[in-house]
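Have a look at the structure below before the remarks.
Predicted, not measured: the structure shown is a model, and the values here were computed from it.
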Amino acid sequence: MDLIFKELSKFVMRNRKTEDTAIKVFLMGGAGNEFFQIARANNLSLRGKNVELLRLGGIKQIIYKLIGFTNHGQWIDVSQIAEALGIGIKKASPLDVFVLFVIFVCKKTGLSTFFDTLLEKKIDHCNSVIFKTYDVGYFQTARHIERKSIDQVAEQIIGHLDLSPRYALDEIVAHVRGGDVLYDNQISDNEAKSIIQFCEENSIKFSCVTNDIDFVKSKFRDIKSKIHCKGSSPLEDFKYLSTSKTSYLSNSTFAFWAAVCASRLTDPIFFGPNNWSFNDFIQVKNISNYKF
């Protein structure tokens, strides 16, 4: 591994521009992942680093196939969020793309130590050219991003989408993902039953935002009241979820960022699954043990 990155560092040094000293943070994945990457770049900037974001452009689909990513459609212009925070964004060069590909190949083979680098380690000086120049990862814990940077990105999302809270106290909004995610991140039958019981005990309606209405109807077939499906697109789904007072969140970056926006708008109640991944920033309650 050391030999691979030593040779890669030499290659980068020979081919990069002399004045190019910025830390380059790659934008990868869907909007939820890209918000985290913008927050990472913002955090590095707050710590006094020269930083810029790299978008993959037209070669994105080819790269995603090679490294096994799902290519999600874009429902928001993330470049406007970045630019509002004063972070430059540009198209990745062939050299940048090559480095990204090598890092992912090494990650998949268990060799890479250049993915999801801890924030403090990135701030510290390091002799590796690759380490100094590139920042690749998902950056989804407090060891990778500080909360203030998360909040600053959320504020820009709120302003960009012109969000305002809906004080609907008689409604719980669930984000339900269907077959596009691994089984462990799908809502379980027990979770669905707990939500149904919660709605019936508290006389509130069940609304959902989803990419798979048939999946929702199957999971909530025992509900006595009507299922209210909100939103007709990822953008409308995000707006509805992020302005809700009471939500049941899926274990996804989409739901996480909606929750962060909601927490900036009002004092919401969040329920979620036991395998919730974002406890560093948002706490979710167990709906089966909660009483209004």
Which value, rounded to the nearest 0.5 Å, describes the distance between [X] atom [atom1] and [Y] atom [atom2]?
X    : Y    : atom1 : atom2 : result
D124 : L119 : CG    : CG    : 9.5 Å
T246 : I172 : OG1   : CD1   : 6.5 Å
S242 : I158 : OG    : CD1   : 7.5 Å

Item checked: Chi angles and distances behind the salt bridge (charged side-chain N to carboxylate O under 4.0 Å, His left out) call for R147, D151 -> CA-CA 6 Å; R147 177 63 196 240; D151 288 340; 2.8 Å; yes

Please answer whether the main-chain N or O of [Y] pairs with a side-chain N or O of [X] as donor and acceptor at a distance below 3.5 Å.
X    : Y    : answer
S218 : D214 : no
E200 : Q197 : no
S233 : E236 : yes
Q283 : N279 : yes
R40  : H144 : yes
D116 : G137 : no

[X] and [Y]: side chain donor to acceptor below 3.5 Å:
X    : Y    : answer
D96  : S93  : yes
T210 : D212 : no
H175 : S250 : yes

Practice prompt. Using the ring of Y240 (Phe, Tyr or Trp, six-membered ring only), decide whether R166 places NZ or CZ under 6.0 Å from its centre and within 45 degrees of its axis.
Written response: yes

ring-ring contact (aromatic ring centres under 6.0 Å, His included) test vs F256 passes for just one of F238, Y138, F36, namely F36

